[in-house]
Amino acid sequence: MSKHIFVTGGVVSSLGKGLTSASVGMLLERRGLSVKLQKLDPYINVDPGTMNPYQHGEVYVLDDGTETDLDLGHYERFTHSPLTRDSNYTTGQIYLSVIEKERRGEFLGKTVQVIPHITNEIKGVLHKLADDETDVVITEIGGTAGDIESQPFMEAIRQFALDIGKENCLYIHLTLVPYLKAAGELKTKPTQHSVGQLRQIGIQPDILICRTEKTIPLDDRKKIALFCNVPLDAVIEEKDKELSIYEVPLSLVENGLDELIVKKLNLKADTLDLDDWRDLIHRLRNPVREVSIAVVGKYAEHLDAYKSIYESLDHAGMQHESRVRIGKIRSEDIEKQGPERTLSGYDGVLVPGGFGDRGIEGKIRAVGFAREQGIPFFGICLGLQCAVAEFARNVIGLDHANSTEFNEDTPHPVICLLDAQRKIVDKGGTMRLGAQPTDLQPSSLAAKCYQTNFITERHRHRYEFNNAYRDQFESNGMLIAGTSDEGKLVEIVEIPNHPWFVAVQFHPEFKSKPTAAHPLFAGFVGSAIERQDSRSQRAQEIQV
Ligand code: GLN
């Protein structure tokens, strides 16, 4: 029988519940236990697929095509937990399912209510992940204790312990212990209040993880323990990390979290092996060099919109013992100021995925600049579509070539709607989604990076390369480096007479891990390092 850990949060949002849940998963896995992770989100959207990444952060895509919350990206980067459709539920999905059952007459005329019907549905999704092979199911509850929206979830996880036995459940509550400059001290009251909210609904947390800027003095930990009704050793400090999120598991271990969980849930666990992870942190702390990459996006000012891209660049940096300095460039700034002013000085240019025409011309100019200047270029999804439009306009000479997403009347629709998309009107969950196989051209840079001619990568798009133009691209020097569906869909393009120019229709950033950088990100950052080396060598020669 699987044991269950519930991770809730209090005081404020953005405390890092996702990271903490992922870290707990990782530590238990590394103690020889099999874990599954799941996130329950209290908002009413059925999934985050239609939500604005500026507000909500990136939409993370799973192999099975589920569009999920970005926290699932942390789960995949930290653990081997198999994530599927059952790994992310929202209030919208729960209600949709209950209402569909009601329409089918499954409730036999009863009044359908939050308790028990909605809470039963929630408990059902908790049970879905539990099986004989899984030692621990970790469920993160989105939102903050006390929110109206999260009440049914809190009620369901309370009832759950009653159903399967408290000894099989563990409640971890993440709170904030803020430092008040004026008073010169840390404050425990918000934590007390937030635990109070949980206890009101009948949940007594077993472990408190306290996010803090400063070390929490023993007296304050004692105070938290007493007022929140938890033993002192269950008040775990999680101090802000200046360097990297990958330090979080190490600090939780230092504060005894893994041992505490193993003890409280009575798990049979191995001793912890973190050698490779410590090595990773060592490389992070001691980079041999710094390399700079410009990420040209629509939402450059917003960190979470390109979360997996930034993480993947960091992983590649760690592999090359380098720190990757990321320049967050707004494509509209390139439109106003030109690519020379915005992009000169960078060792690589990356154009990530996106939707809508705002800033598109800036992205296309960024590709042109990288192509002409021989700067390593990596295009991802929309980035490929921009690279194709740029090449069409400026190399082949097809004036005003564009994607029909941005100009329906373009004389040269080099990117157009996928056939399967033409009749679709609903926006939610209707793109080409999830893992799809791709055959690589054996002589391509991509095949060299992957070290294989056959790959599977995750997709999320509606538009594709227009095959009517394929010959013109190839005869003008663009290599179709990867295709799927028996050669019918173009998935990767390259420019062979350029130091490193690769654009892909899929999202490699969803499969990179800190311990195994994605081969294309590793290749891209490697080539940016080479460019930097040759530039500094040239500068030295000029000085001599
Ligand atoms: N908007 C483009 C499409 O739908 C690109 C999507 C993306 O970058 N994820 O095809």
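Start at 1 and go down the list; that is how both ligands and their atoms are numbered.
Y450 meets the ring-ring contact (aromatic ring centres under 6.0 Å, His included) test with H518; sequence neighbours excluded. With sequence neighbours excluded, the residues forming a ring-ring contact (aromatic ring centres under 6.0 Å, His included) with H459 are H461, F506, listed by chain and number.
Contact residues of ligand 1 (protein heavy atom closer than 4.0 angstrom to a ligand atom; sorted by chain and number): G353, G354, F355, C381, L382, Q385, E405, R460, H461, R462, Y463, H507.
Applying the salt bridge (Lys or Arg N to Asp or Glu O under 4.0 Å) rule to pairs touching residues 82-95 yields D86-K128, sequence neighbours excluded.
In this structure, the ring of H74 has its center no less than 6.0 angstrom from the ring center of Y60.
Exactly one of F465, F501, F473 qualifies for a ring pair (Phe, Tyr, Trp, His ring centres under 6.0 Å) with F391. That residue is F473.
Below 30°, between 30° and 60°, or above 60°: for F378 and W500 the angle between ring planes is above 60°, a perpendicular geometry.
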